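Structure first, then comments.
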Amino acid sequence: MNKLDSNLVANSFAQAGFDLVDSPIDADVVLVNTCSVRGHAEERVMSLLGHLKHIKKTRKELVVAVFGCMAQRCKDALLKHEVVNIVCGPLQIPELVNLVNNALDHTKKQKSVSENIRHKPLPQDLVGLDDFEQNNDSAENSLPAQAFVRVMHGCDNFCSYCVVPYVRGPEVSRPPEKIIEQIKKLADTGAKQITLLGQTVNSYSYNGASFADLLYDVSKIDGIEWIKFVTCYPKNFDERIFQAMVDLPKVCRYLHIPAQSGSDRILKAMNRHYTADEYLAILDRARQIVPDIAIAGDFIVGFCGETDEDFQKSAELIRKAQYKNSFIFKYSTRPGTRADEKLIDDVPMEIKKQRNIELLAVQEKVSEEWNKSFIGKTVKVLVEGVSKKSHLDGVDNEKLPQLIGRTAGDCIVVFDGAADLAGGFADVKITRASALTLFGQAAD
Ligand code: 5AD
Ligand code: SF4
């Protein structure tokens, strides 16, 4: 979601005549996109602002705009920071160009955020944001031939640890016709893969149209070859989404479905509204309908009150779920959330770190098994570009560059090939696999 917002903002500035430079040292304007999901992300923003202070000492006219979730969360506290000229919430990003132009004209600080973020916006309130997304989305920004498209804003789930409902506001689905129009435009400008974005895409709903309906419609768009989506909430799962994966060759057989914990007690404290068994039942249905589906999860370790026994249940769930990979996070208390207000962050950091390492090791074993099953097979990848990492066998990447690509099931593949394959599809025969990467040769 943040990558998309950064791309949209960058494009809106390019359209307004600004040039992108590589370093804040060369910039007249620094735009800082921010994330509030964990404390660490916010600390990094504060240290960046500290760094900008040194640059601004010699160039007082430098304009610094902070936008995104942290801008919405911290509002005036951020505006008071000595280097900050502009604070702009995630729903106000269409205003950024104007705010910056004002700041370039005079030095007064400006703020545009939602004053009552949980106030449900009327459809007309979101027209500006829709048009902004429509006009500034592009298949050029992130990886070649790939684009993100938001299908919904915000979230109404209020998981007790999570700041998102308080910074991105209520859940609102975008009109399907706007989404389709945007994707058609992206396809015309070279997008081959679209990733549909939302905090809980499986609860997408617009005038009776469900997310599965949207998949069938997006699938009809010429030029788009792969459709991915993130992320899903493991409750009221519409099985037609799995059926769409079977019916529609363009819909990738990949499901990111965060569990967060394997302990029912902790899931309750997290306000997740399902048990570990109910969660596993969704995965079972997914695999019955789509046998080769790749499943990925998210986990939080060290949530309030998590005992070693609770933690072991998360390890058990990873083994049972047979994820291709999991994203694992140490619990970070977020001001204003229910966990922050009602529960005690009582797991010491040392234990959180240990549990994080332990859970990653459990997942690594499972991922290795998953990846090994591809050895000897030929997989189709969308090529992202030249791999930045050295070869597994130690060959210098500068002398013999390799390409990196991703399968429809989200496996990372490193293989030999010409750099101009970037943005295209390639068939790769897999010869070796680690927990994180598949290695192979372009198939004839
Ligand atoms: N602390 C740690 N991890 C968090 N996540 C969300 N909120 C927190 C928090 N307060 C994780 C969840 C979510 C992912 C995007 O970030 O696992 O799925
Ligand atoms: Fe946060 Fe829960 Fe909403 Fe995901 S579903 S964004 S974890 S509140």
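The analysis underlying the following values was restricted to heavy atoms, covering all of them including side chains, and did not include hydrogens, waters or symmetry mates. As the structure lists them, so they are numbered: ligands from 1, and atoms in each ligand from 1. What you see is a predicted model, and the numbers here were worked out from it, not measured in a lab.
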Salt-bridge criterion met for [X] and [Y] (N-O under 4.0 Å):
{"X": "Arg73", "Y": "Glu42", "answer": "yes"}
{"X": "Asp284", "Y": "Lys320", "answer": "no"}
{"X": "Arg253", "Y": "Asp292", "answer": "yes"}
{"X": "Lys352", "Y": "Glu306", "answer": "no"}
{"X": "Arg150", "Y": "Glu133", "answer": "yes"}

Have Asp298 and His256 got a donor and an acceptor in their side chains that come within less than 3.5 Å?
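Indeed, the side chains of Asp298 and His256 share at least one donor-acceptor pair under 3.5 Å.
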
Could you verify whether a donor N or O on one side chain and an acceptor N or O on the other, from Arg240 and Gln243, lie under 3.5 Å apart?
no

Aromatic ring pairing Phe242/Phe237, orientation class (parallel under 30°, perpendicular over 60°, tilted between)
parallel

Return the closest protein heavy atom for atom 7 (N) of ligand 1 as residue, atom name and distance.
Tyr161 CD1, 3.3 Å

Give me the nearest non-hydrogen protein atom to atom 2 (C) of ligand 1 as residue plus atom name, then the distance to 0.1 Å.
Lys330 O, 3.3 Å

Polar contacts were defined as any N/O atom of the residue lying under 3.5 Å from an N/O atom of the ligand; does this apply to [X] and ligand 1?
{"X": "Gln260", "value": "yes"}
{"X": "Tyr331", "value": "no"}
{"X": "Arg38", "value": "yes"}

Nearest non-hydrogen contact with atom 18 (O) of ligand 1 belongs to which option: Asp340, Val230, Asp298?
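Looking at heavy atoms only, Asp298 sits closest to atom 18 (O) of ligand 1.
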
Just go through Ser326, Ser261, Ser332 and tell me whose heavy atom is the nearest to atom 1 (N) of ligand 1.
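Among Ser326, Ser261, Ser332, the closest heavy atom to atom 1 (N) of ligand 1 comes from Ser332.
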
I need the atoms of ligand 2 closer than 4.0 Å to a non-hydrogen atom of Arg272, numbered in the order shown.
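Result: 2 (Fe), 7 (S).
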
Counting from 1, what ligand 2 atoms have a heavy atom of Tyr233 closer than 4.0 Å?
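Atoms satisfying the 4.0 Å criterion: 5 (S).
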
So if I count the atoms of ligand 1 from 1 in the order they appear, which ones are less than 4.0 Å from some heavy atom of Arg334?
10 (N)

Is there side-chain contact between Val251 and Trp226, with heavy atoms separated by less than 4.5 Å?
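The answer is no, as the side chains (C-beta and beyond) never meet within the 4.5 Å cut-off.
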
With a cut-off of under 6.0 Å to the ring centre and 45° to the axis, is [X] in cation-pi contact with [Y]?
{"X": "Arg38", "Y": "Phe329", "answer": "yes"}
{"X": "Arg338", "Y": "Phe158", "answer": "yes"}
{"X": "Lys235", "Y": "Tyr274", "answer": "no"}

Is atom 7 (S) of ligand 2 close to the protein, meaning a heavy atom under 4.0 Å from it?
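Yes.
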
Is the closest heavy atom of Arg168 to ligand 2 under 4.0 Å?
no

Give the contacting part of Met1 toward ligand 2: side chain, backbone, both or neither, where contact means a heavy-atom distance below 4.0 Å.
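For Met1, there is no contact with ligand 2 at all, from either part.
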
Any idea which part of Val37 is under 4.0 Å from ligand 1, heavy-atom wise: side chain, backbone, both or neither?
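Val37 to ligand 1: contacts from backbone and side chain alike.
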
Metal environment of atom 1 (Fe) of ligand 2, protein N/O/S under 2.8 Å:
Cys162 SG

Testing Lys109, Lys56, Lys53 for salt bridge (charged side-chain N to carboxylate O under 4.0 Å, His left out) with Glu82, which one passes?
Lys53

